[in-house]
Amino acid sequence: MQKSVKILGVTVLILFIITSAVWYAVIREDRGGKLTVSFLNVGQGDSIFIDAPSGRQVLIDGGSGRSVLRELSNVVPWYDRTIDVVIATHPDQDHIGGLPEVLSRYKVSLIVESSVKDENGADSAALEKAVAREMLTGAQRLVAKRGQIIDLGDGAYLEILFPDRAVTAVETNTGSIVARLVYGDTSFMLTGDSPQSIEKYLVTLDGSTSFDIAQDKPLTTSGNGLKSNILKAGHHGSKTSSAELFVGFVGPEYAVFSRGCDNRYGHPHKEIVSLFERFEIPTLDTCTEGTITFVSDGQNIRYSK
Amino acid sequence: MAPLHTEVAYGDTIRVEGKLQIPENFETGKDRTFDYPGYLAKDGILYQMSFAAIERLSENDGNFLKAWTIWSKQKYLAGLARALSEPQAGLAGGITVGDKRGLGEELSQTFRTVGLTHIVVLSGYNIVVVVEALMRFLSRFPQTFRLSLGVFVAIFFAAITGFASASSRAVAMATIAILGRATRRTYLASRALGLVATLMVLWNPYVLVFDPGFQLSVLATTGLILFSPLFASRLSWLPSKFGLRDIASATLGTQLAVIPLLLYQNGQLSLFALPANLLALAVIPWAMFLSLIASIFGLISGIVAPIFGLPAYALLSYVIYVAKAFVALPFSALSIPVFSVWWLMFIYALLLVPILWKHIKG
């Protein structure tokens, strides 16, 4: 082969690859009006990835270590190095352990935290350091407070239900951020490790209100502000969470246990498993299913394997 | 064992409080245990500590050269992390500098099952690829400069692994080969291996019995020297494109030499090691080169780095795909029951018969 022919061939090949990559990105970036929520398989711990219809992305918690990076690669395309919002529900290792690595690899615009602190925690200190570094490149930092709405565009939003005050002095689980993700008529209840006391408190706050804050109109379909299609069972299915009253008010189609197989806490607790059985709420488990993904078109939620 | 995010760096002087324990053997398969205390003892480690609380007393007390080596490795890995996603970044770190933390337990196990682990730990293979590429790249420069740079880079790579057995052996042998070329003497790989292995055992006698890295590395090299030529002469039907014929004979030779020991140690026989290595090794030198490019752009080009990492990403994904495809096949690994060390000796003695036969005849 002549040298010029070879160069021509290589150039055409490179251009072809670049064109394919661009078209791949164009197709990948069109969400088709769908919201995707993935409960990532990070072992014992929580990590929830939200891909909004507008293309905005939210990561709630990051599991205990590096495994979240491998899981993120499955839900974020290879060329995408940005996540719009990262939420750390509370500073326990199984929720924030992987977040410093996430912050160092992805450019994050907004970091939301609870005001609860873990003073001597190594993970908490590492996260603090990573957040400070991220803020140098323009990230904003926000302390979560009830009433805040994080607008994800095209009708999807996250509403913060708890904490409703400064929780600097409480135990870390109690200070967990509780958020409800809403898109059209569909919603997800994400409670971190909140204990039953907080769940019951939320029932008194939201159980009877029938008001949709973002739409500024009464909710006609659900009847209460906690009603959600999907509930992440609090604290990985521990019996310290999932109060019967709260689960009843949320009334989900599915409950999700985000936990590792053979965890030393015995999550999910058999009482909680039987509670969901009694309510005839099917449960999904990241230990047996791996990453659990739901897709919402605003009217219905589909569980996709 | 301290929490994951404890801030400790090389060169720190620390004060540790915790519970001292004597290390224990752990199981590596049915009825097989790994002599962990012996493995740690080879590096002079006699105790482990749990629930450790660490207090840093001072910093930068270490050796300047060591600190610099570690710093450059970490910079390089940070570049990879920005240009590639996981597990591709982890694999890139494995094939270039032997850092396999990013690979994760599941994928590490996959590579073990299909007989590809040697590419993700810094074995001699990776160092040879780098040194050879460097020699070709510098072919126009004066020989003394080329050869001394070659030795320097080889030693740098061994330092990156903390002078682990396999890489030390490779570097020592490469250095002997380069010196041989510089002084125009004949280089006999078998003698170099004998000399290096003997010196390593004299330096630290523990490696002979307690360091699988040393054992496998020496055996694999022996296989490469003794068995591979025998296979090569019978593989003329294979195309020589992409170095396939060389890879096949090298894989067959090294596998034949290490399989008995691997079977003795963990009882897993990789049935698809040959096709997996043929398909994966053909692209490894390119994957290494493109990973280096990806890391450089990762360090300088911010969030558009993945675009420059795309070629590396594609090749690394291909290697991962090959490993996963073979592990999904039925019988990807056979389990062999425990057998006595005397059988192991007997098998190795048997393996030497054709070599001796050829020697006597020739």
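Small disclaimer: the values here were computed from a predicted structure and weren't measured.
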| note | Of the listed Lys107(A), Lys129(A), Glu71(A), the one with the largest count of heavy-atom pairs under 4.5 Å with chain B is Lys129(A)
| What part of Ala21(A) gets closer than 4.5 Å to chain B, counting heavy atoms only: side chain, backbone, both or neither? | side chain
| field | Neighbour count >12 (heavy atoms, 6.0 Å) for atom CD, Gln140(A) | value | no
| query | Would you say Leu134(B) has more than 12 foreign heavy atoms packed within less than 6.0 Å of its CG? | reply | yes
| said: Once rounded to the nearest 0.5 Å, what's the spacing between atom OH of Tyr79(A) and atom CG of Leu310(B)? | reply: 12.0 Å
| Interatomic spacing from OH in Tyr106(A) to CD1 in Ile303(B) - rounded to 0.5 Å | 12.5 Å
| request: Let me know if Leu80(B) has heavy atoms under 4.5 Å from chain A in its side chain, its backbone, both or neither. | output: neither
| Considering all heavy atoms of both residues, which atom of Arg105(A) and which atom of Ala81(B) are nearest to each other, and what is their separation? | CZ-CB, 3.4 Å
| query | Does a sphere of radius 6.0 Å around OH in Tyr318(B) hold more than 12 heavy atoms from other residues, nucleotides or ligands, not counting ones at 6.0 Å or beyond? | reply | yes
| query | Which region of Ala89(B), side chain (C-beta onward) or backbone (N, CA, C, O), has a non-hydrogen atom less than 4.5 Å from a non-hydrogen atom of chain A, or is it both or neither? | reply | side chain
| said: Under 4.5 Å from any heavy atom of chain B, what part of Thr82(A) do you find: side chain, backbone, both or neither? | reply: side chain
| Just wondering, are more than 12 heavy atoms of other shown residues or ligands nearer than 6.0 Å to CZ in Phe289(B)? | no
| note | Looking only at heavy atoms, the pair that brings Arg81(A) and Arg82(B) closest together is NH1-O, 2.7 Å
| field | OH (Tyr36(B)) with more than 12 external heavy atoms under 6.0 Å | value | no
| task | Heavy atoms only, distances under 4.5 angstrom: which of Thr137(A), Ile18(A), Leu69(A), Ile17(A) has the most pairs with chain B? Name it, please. | result | Leu69(A)
| message | Using heavy-atom distances under 4.5 Å, tell me whether Leu107(B) contacts chain A through its side chain, its backbone, both, or neither. | response | neither
| Quick one: CD on Glu86(B) to OG on Ser67(A), what's the gap to the nearest 0.5 Å? | 11.0 Å
